[in-house]
Amino acid sequence: LRDSESIARFELVGKIMGMAMRARIQIPLDNLTPLVWKFLTHDTFSADDDVEQSEDDEDGEIRLRQRETLTQLKAIHSGFNKIVPAEIVRIFSWKELRDEICGVADVPVDQLRRVAVYEGFDGEKDPSLKFFWKALENFSSEQRCMFLQFVWAKLRVPRGGIKKPF
């Protein structure tokens, strides 16, 4: 994945990430390894971020994989910095940058409750709504994300929280 066409694709990924950040649109890239986010923010890497090494790997193969990853990371970084200046990126930690681009993984029930609009119910005093909110509070974080996707077509909450009813 080091040919010019592949590099251009990774650079495009970086540009898309930058455009999402500038437009404040969340995109589902939260499955990217912390290594990518740390590389973008010039954060320090830990041993956990490195390419996984199994016992049967040859040293040369591991170094080759690291170089391949570095080439791809540099391409993503280059594309990202064409949209978002490096000076701006430096103010973010890698987790803040991930949350800015992908949104926040936790769905706070109190935020949902504040923006909820009820039609055909007698406000929050309605017994079925009380049951609904209680059930939602008991959902796991993953289940709340799935609920959010069902009602809002987004898996994550914007970094600043939910502001408008949906």
Side-chain angles (χ1 to χ4, degrees), residues 1 6-43 45-46 48-49 52 69 72-166:
L1 296 174
S6 295
I7 300 299
R9 288 181 181 156
F10 282 104
E11 190 172 321
L12 177 63
V13 169
K15 288 178 181 177
I16 291 169
M17 292 168 71
M19 288 187 293
M21 182 175 174
R22 292 199 60 166
R24 302 184 85 44
I25 298 170
Q26 281 73 48
I27 55 176
L29 294 176
D30 49 318
N31 60 343
L32 288 178
T33 175
L35 180 67
V36 174
W37 303 108
K38 288 181 178 184
F39 193 85
L40 288 172
T41 58
H42 301 282
D43 205 338
F45 303 120
S46 66
D48 295 336
D49 298 324
E52 287 187 31
T69 302
Q72 296 159 356
L73 289 173
K74 284 181 178 179
I76 292 171
H77 186 266
S78 172
F80 187 74
N81 282 341
K82 287 180 180 175
I83 307 298
V84 180
E87 296 79 29
I88 293 175
V89 178
R90 287 189 189 115
I91 65 172
F92 293 95
S93 72
W94 72 269
K95 290 180 181 179
E96 291 170 335
L97 183 65
R98 180 199 58 204
D99 291 348
E100 187 71 27
I101 293 172
C102 302
V104 180
D106 189 35
V107 180
V109 176
D110 61 318
Q111 283 187 19
L112 291 175
R113 193 177 285 205
R114 276 196 302 270
V115 298
V117 176
Y118 305 110
E119 292 181 15
F121 293 95
D122 188 27
E124 287 207 30
K125 294 179 181 174
D126 191 291
S128 55
L129 287 176
K130 285 182 180 180
F131 178 75
F132 168 77
W133 289 116
K134 184 69 174 167
L136 201 57
E137 287 169 358
N138 290 323
F139 279 11
S140 68
S141 182
E142 183 180 339
Q143 289 171 321
R144 283 195 300 268
C145 287
M146 290 171 30
F147 170 77
L148 191 65
Q149 184 176 27
F150 175 73
V151 298
W152 200 25
K154 296 182 185 215
L155 279 170
R156 290 176 154 244
V157 174
R159 189 160 177 248
I162 302 170
K163 306 280 191 230
K164 302 178 199 171
F166 54 89

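The shown structure was predicted, so the numbers you read here are calculated from the model rather than taken from an experiment. The analysis underlying the following values was restricted to heavy atoms, covering all of them including side chains, and did not include hydrogens, waters or symmetry mates. When a residue number appears, it is its place in the shown sequence, counting from 1.
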Inset, instruction - Determine, stepwise, if the pair F139 / L136 fulfils side chain to side chain contact (heavy atoms under 4.5 Å, CB included). - result: CA-CA 5 Å; F139 279 11; L136 201 57; 3.5 Å; yes

Inset, instruction - With side chain to side chain contact (heavy atoms under 4.5 Å, CB included) as the test, would you mind laying out the steps for E100 and R24 before giving the verdict? - result: CA-CA 8 Å; E100 187 71 27; R24 302 184 85 44; 2.5 Å; yes

Inset, instruction - List the steps, then state whether side chain to side chain contact (heavy atoms under 4.5 Å, CB included) holds for F39 with Q72. - result: CA-CA 11 Å; F39 193 85; Q72 296 159 356; over 6 Å; no

Inset, instruction - Could you check V109 against W133 for side chain to side chain contact (heavy atoms under 4.5 Å, CB included), going step by step and ending with a plain yes or no? - result: CA-CA 8 Å; V109 176; W133 289 116; 3.7 Å; yes

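Using a 4.5 Å heavy-atom cutoff, the side chains of L112 and R144 are not in contact.
Annotation for F131: atom CZ does not count as buried by contact number, only 12 or fewer foreign heavy atoms lying within 6.0 Å.
Within the structure, salt bridge (Lys or Arg N to Asp or Glu O under 4.0 Å) contacts touching residues 76-97 (residues at least two apart or in different chains) are E11-K82, E96-R159.
Here the straight-line distance linking atom CE of M19 with atom CD1 of I83 works out to 5.5 Å at 0.5 Å rounding. Here CG of L148 is found 10.5 Å from CG of D106. Values are rounded to the nearest 0.5 Å. Interatomic distance, CD1 of I7 versus CG of L12, reported as 13.0 Å (0.5 Å rounding). Atoms CD and CZ, from E137 and R113 in turn, are 5.0 Å apart once rounded to the nearest 0.5 Å. Atoms CD1 and CZ, from I88 and R22 in turn, are 6.5 Å apart once rounded to the nearest 0.5 Å. Atom CG of D43 is separated from atom CH2 of W37 by 13.5 Å, given to the nearest 0.5 angstrom.
Contact between L29 and C102 at its shortest, heavy atoms only, is C-SG, 3.5 Å. Across all their heavy atoms, F80 and M21 have their closest contact at CZ-SD, 3.7 Å. Looking at every heavy atom in both residues, D126 comes nearest to S128 through OD1-OG, 2.5 Å. Nearest heavy-atom pair, P108 versus V157, reported as atom, atom and distance to 0.1 Å: CD-CG2, 4.1 Å. The shortest non-hydrogen separation linking L40 to V89 is O-CG1, 3.2 Å.
Considering only residues two or more places apart in sequence or on other chains, Q143 meets the side-chain hydrogen bond (donor to acceptor under 3.5 Å, both in side chains) condition with S140.
F147 and F132 have tilted rings, their planes meeting at an angle from 30° to 60° on a 0 to 90° scale.
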